[in-house]
Structure formats: C-alpha cells, structure tokens
There are 2 protein chains.
Amino acid sequence: MNNNYELYKVFYWAAKMGSLTQAAKVLFLTQPSVSHAIKQLEDSFGLVLFYRNSKGVELTQEGSVLYSYIEQSQIMISLAEEKMTALKNLDNGELRIGGSDSLFKHYVLPYLEEFHERHPAIKLHLNHGTTPEVITFLKEGRIDLGVVRMPIVDSQLEVKESFQLQDCFVAGARYAKLKNSVISLEMLLQYPIILFSRNSRARMTITELFQSYGYTIKPEIEVGSVDLLIEFARRGLGISYVTREFVSKELEDESLFEIRLDVPLPPSHVGIMTMRNMPLTSAASRFIELIR
Amino acid sequence: MNNNYELYKVFYWAAKMGSLTQAAKVLFLTQPSVSHAIKQLEDSFGLVLFYRNSKGVELTQEGSVLYSYIEQSQIMISLAEEKMTALKNLDNGELRIGGSDSLFKHYVLPYLEEFHERHPAIKLHLNHGTTPEVITFLKEGRIDLGVVRMPIVDSQLEVKESFQLQDCFVAGARYAKLKNSVISLEMLLQYPIILFSRNSRARMTITELFQSYGYTIKPEIEVGSVDLLIEFARRGLGISYVTREFVSKELEDESLFEIRLDVPLPPSHVGIMTMRNMPLTSAASRFIELIR
DNA sequence: TATTGTTCATAGATGTGGTCTATAGCTCCT
DNA sequence: AGGAGCTATAGACCACATCTATGAACAATA
C-alpha cells in the first residue's frame, strides 16, 4: 500500500481516457510504462482495477471506487497548480502593508495606485499603526512589509532606505511675523509647540535634537494625527513640527509657512521593513521592486 | 509545473509536521531528501512555500494556499487507500448474482447465507431472470456472476460446472395408481403434462429427449415458476417435470411421488457463469471459491 | 562566552526503478 | 487472410531520487 502517488496520476488518466495508449499520450509516456504503472497499482491493492479489452480498458467495480476518490484528489491538485501559477503571475494573492496613516497618504499611495493598476487582482490590505505596532504586525506575520521611519534596530528585521523626507516647523498666519526671520531653537521655545503625541520616530528625533543643544522641548499641544498637526497650525494654535513633504499643498497656497531655523534639522529616512531571512510573497517583492 | 505528484506528499507532511526532519521520519526518508523535494516544488512554482527557521518550517502565504488544496487531495488518497484495503478484505463491496428464482431458493441460498455470515459487510444483489436474460445481465456488467443450467455455449462466457441436479416427473395423489409401475414415454404422454413455460434449459432438455425417441411432448399446462409446477402437480392437475432436489420435501411427506420411467432422464448440470477473460471482483471470486 | 543540540542546506556518490524499445498476443474489421 | 487497433511482457538503460557526510545558522543551555 506504500504507493508512489505518481501511480494515481497514471491511473486517473487511464480511467479518464478509457485507454492506456491514450493515457500514455496525455502523460508523455509510452504505453508499456502506463501498463506497468497500472499493474503496480493493482498488485499493491491485490485488486484488479481495469477490464482490458481490444478497444481499451474499462474500470472494474473496484476500479470505479478508486476512481471516485482519485478523481477528487487529482482535481484538487490541478486547482492547486493553477492557483500557484496565478500567484506567481500576480493574478491572485494579497499584499499586506503596515505603516502610519501619513506615510500611506503622502508617500505610499502613488506606488499603491501604480501597483494596483498593474496587478488589479492582488488584494491590498493596509494596516496602520505606530512603528512599534507595525513591527509587531510584521513579526506576527500579519503584514508582508512595513513602511517606517528609520533607523530601526532589530536583528530580526531588514530595513532598506527608500526615501528621504525633511521635517520642519510650520506656522500659520497668526505667526506671520516670523516669516522672514531666522529663528534660534531657544527663540522657538517661546512659542506654543504642537507635536505628534505618540511614540513616533519624528517625535524622538526632535526631542533628541533639542537635548543635544541643551534645551528641552515640551509641546503645548499633542495630537494623534498629521492632519491635526497641520490643521492646528493653520488655525494659529501653535507651531507644528511636520514633514515638509506632507504640507506641500499648504506651503504652496501659503496657508502655512516654514519657520527658518539657524540650525539644520536632520532629514528623516523612510525605509521598507521586512523580516530578515524570511522569503517575501511574490506580490510583496514585486511591490518593493516598484517602490525603489 | 510538470511535477511529480510524489512531491506533494512530501510537501503535505512537511507542512503538517511543521518540520522537514519530522516529515522525513513519517515518510521513511532522510531529511536532505525532504529538503530537496521541497526545493524542487518551490523551484517549479517559482514561489517560496516555507519559512525556514531554527525550530522547523512554517508555511508562507503562498505555501498556505497550496496546502489548502493539497490537504484535500491527500485526504482523498488516504480514504481511497483505506477503501481499497476494505474491498480487498471484503469489509466492503457488493456481490451481484444472476440466476433463476428456483436455483436461488434451492441451491444458492445456503451458500449465500454462509457468505453473508463470513462477510457481513458485502451487500448482496440477486437478479433473477431466464438464462438468456442472465447472460445479458452479465454481458452488460449488471451482475458479477450467473448461476445457470449448463451447457452454455458462448465464447465470451466461462462456465464452470459446480453441481448436478436430476430432473424427473412427479405427480400427486390423483395419479397414485402410477406409483408402483414403470412407465414408458409413450404412456406418459397419455397424461396431462405440466412444464415450465419459458425458455428454460430444462424445458429444452426434455423436449429434445422425447424427440430423440420419436415423440413430441406437448404440455397441457405451462407455468412460470417452479412453485406453481409443484403446486399444480399436488392438486392433481397433471404430471410435472421438475428438479428432484427442488421437491425433496414433497417427496418425503408423500404429497408427491416420482414417476419411474423405463428410460433414464439426463442429469442437469448447474454452472457458475462469468465473463471470460474479465477479472472478478474480490467478493465474486471469494464466493465462487466457497460454492465449489 | 563557549557548548551543545537543534534546525535546514549543500555536495557528491550510489543504485534503484521508471521508462524505453522491441515484440508478442489478442480482438475486431475489412 | 491481412491489417490495425489494443494491452502485456521482456530486457536494457540511465536519470534521478535517495543516501551519507558535512556545513551553517540559530537557540538554549551551562
């Protein structure tokens, strides 16, 4: 009974075609090979599976029973192979990305659009969260890749830089007087500061920057989304620390302006984060190819 | 994509066990063999199916998709193999026999009882009909074997004699005067004769016998069943030509007696008829073994 | 920090067995 | 009788599945 499953494939086609010769053609084998394979199966069961006659073969009672099972089995394998081809060709499957809302909105979105256009059958799943959350998603296998601010130090993860953003302070009309001056960090602290509330990479970066100059930055207002950061600044509630690329529209229509500082603000690097040494899905690796 | 289906068996167990090493044990292979098999599958699809880590392996997204199909396929094969073993061991299956009602009742029945006791899981199908009908059943594959009177001359069929019966003329009390005499064929024709009506072997035999002596036997009454043949004779409607073994009860309780003739009546041979060069089901060959 | 015990991957050797060709036997049809 | 199907059988061959031996990576110990 310890059969080679390959024999079932031969049996299936022999039964389906009603002829060993025809089965051989389908399977790209010779007729004796097929004959031999069927004999092996019959011997292994101790049962005769086919009536042989001069026109071909016909299933015996027992052969019919076997066929009813093997047919199902073969159909499943065919479906599996089709599905695998589809996955390979990106005619199927899903792409699960983690990251912050703002990065999705301002950075990932155009690539997603292009990817979706090229591979409309791939379902897209966006999971937003803070960087630590995204890391957890990744480690739990809930996403294929994360789009996060660098640096990330985690030996399980692999992060490739893909884009550079510049954070800056912006203010609205209320602080128009600052428009044409260059401000020091100390001076800036005189004004109400609006920062992103959560454990974001940007928040850590700016805090460290002030500390490196001997100051402590304490926000007047903390908000939970980039949209609010922008909105509060526009309404004059304070000076927001945002990614310049995310307020390009507001800078252009001059509802916001950038505060010029006498020290350079460090650029922020966006990276594509994946599990180290873990293979990517076909869709994920194609997407990363696209984005770089 | 032209995969050896054997690889799916390896894949199935690797996924199921979550470990190539464990899969190897189940499959009685070495770990490198399993590793190699999985690699072959992955290469053939151009997709990675497993994450390898130090604890074993885990399905990737694509691997999971494949598994969901292959699992079904493998389950069907397992069921098929179980079923085949059951059929082989006669824990399952059916036995379809054709023949006349009277042969079933008086000859086949005890064997069927014994067979059923030994293999209670085998379903029994009895199809009664005249000999030509039974031959048709057999050729159409509706029965596995037929129990018929010999001889049968048909090159497609194989008939093995299994039992000998003796036909005879019997009468009831009305003809008691014949009880102690030896009768000639000519004398017999003076009395009303009751014969089986249909194209039975017994009818042909007796007709030929009379013809060989230059007489023609013309029944007064023709009936369609052996039971009626017996019943009519008992009631004195005539002299019936029946198989002696079928009226043993009536002969014993003397409601019927056998007419002694001055010529010997030919014995009738019962044979087991099967298709020549066609394999028998496990159940059928076991039954024939039993009956001989 | 080394040690030990897992895991899977790789390389190269080996021999089994699946596949081939050639041929025979059978049945049906012309 | 001959031809054209079909399947079965025999024997030869070589690809490839499997093996052993080893390496590399990682985790859980000491």
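Sequence lines set the chain letters: A, B, ... in the order given, protein chains first and strands last, and positions in each chain run from 1.
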**OP:** Return the set of residues passing ring-ring contact (aromatic ring centres under 6.0 Å, His included) with B:Phe115 (not counting sequence neighbours), or none when no residue passes.
**Re:** B:His119, B:Phe287
Atom pairs, protein N/O to nucleotides 28-30 of chain D N/O, distance under 3.5 Å:
none

Subject >> For atom OH of A:Tyr5 and atom P of C:dG18, their distance in whole Å >> reply: 16 Å
Subject >> Criterion side chain to side chain contact (heavy atoms under 4.5 Å, CB included) on B:Ile122 and B:His116, from CA distance to verdict >> reply: CA-CA 7 Å; B:Ile122 302 284; B:His116 185 63; over 6 Å; no
**OP:** Rounded to the nearest angstrom, tell me the gap between atom CG in B:Leu20 and atom P in D:dA24.
**Re:** 19 Å
Output one line per pair: protein atom, nucleotide atom from nucleotides 20-23 of chain C, and distance, for all N/O pairs under 3.5 Å.
residue : atom : partner : partner atom : Å
C:dC20  : OP2  : A:Thr30 : N            : 2.7
C:dC20  : OP2  : A:Thr30 : OG1          : 2.7
C:dC20  : OP2  : A:Ser33 : OG           : 2.8

**OP:** Could you check how far CG of B:Leu59 sits from C1' of C:dC8, rounded to whole Å?
**Re:** 16 Å
Subject >> d(CG, B:Leu27; P, D:dA17) in whole Å >> reply: 15 Å
**OP:** Rounded to the nearest 0.5 Å, what's the gap from CG on A:Leu20 to OG1 on A:Thr30? Could you check?
**Re:** 11.0 Å
Original post:
Within this structure, what is the NE2-to-P distance between A:His36 and D:dG11, rounded to whole angstrom?
Top reply: 13 Å
**OP:** For A:Leu49 and D:dT7, give me the distance from atom CG to atom C1', rounded to whole Å.
**Re:** 15 Å
Original post:
Within the structure, does a side-chain N or O atom of B:Ser35 lie under 4.0 Å from either OP1 or OP2 of C:dT10?
Top reply: no
Subject >> Passing candidate, ring pair (Phe, Tyr, Trp, His ring centres under 6.0 Å) with B:Phe11, options B:Phe50, B:Tyr69, B:Tyr5 >> reply: B:Phe50
Subject >> Which nucleotide in C:dT10, C:dC8, D:dT9 has an atom nearest any side-chain atom of A:Lys39 >> reply: D:dT9
Subject >> A:Ile38 CD1 to D:dC6 P, straight-line distance once rounded to whole Å >> reply: 16 Å
Subject >> Donor-acceptor under 3.5 Å (B:Ser44 side chain, B:Leu41 main chain) >> reply: yes
Subject >> Any donor-acceptor N/O pair, B:Glu62 side chain to A:Ser282 backbone, under 3.5 Å >> reply: yes
Original post:
What's the CD-P distance between A:Gln40 and C:dG17, to the nearest Å?
Top reply: 9 Å
Original post:
Would a distance-only check, ignoring hydrogens and angles, find a side-chain to backbone donor-acceptor pair under 3.5 Å from A:Asn127 to A:Gly98?
Top reply: no
Subject >> Spacing of CD1 belonging to B:Ile143 relative to CD1 belonging to B:Ile97, to within rounding of 0.5 Å >> reply: 9.0 Å
Original post:
Contact class for A:Thr21 (heavy atom, under 4.0 Å): base, sugar-phosphate, or nothing?
Top reply: base
Original post:
Does A:Ser54 place a side-chain N or O at less than 4.0 Å from the phosphate oxygens OP1/OP2 of D:dG5?
Top reply: no
Subject >> Side-chain donor or acceptor of A:Ser100 paired with backbone N/O of A:Thr130 under 3.5 Å >> reply: no
**OP:** Could you tell me whether the phosphate oxygens of C:dT7, OP1 or OP2, come under 4.0 Å of any side-chain nitrogen or oxygen in B:Ser19?
**Re:** no
**OP:** Could you tell me whether the side chain of B:Thr274 and the main chain of B:Leu145 form a donor-acceptor pair under 3.5 Å?
**Re:** no
Original post:
Under 4.0 Å between a side-chain N/O of A:Gln22 and OP1 or OP2 of D:dC6, yes or no?
Top reply: yes
Original post:
OP1 or OP2 of C:dT7 less than 4.0 angstrom from a side-chain nitrogen or oxygen of B:Arg52, does that happen here?
Top reply: no
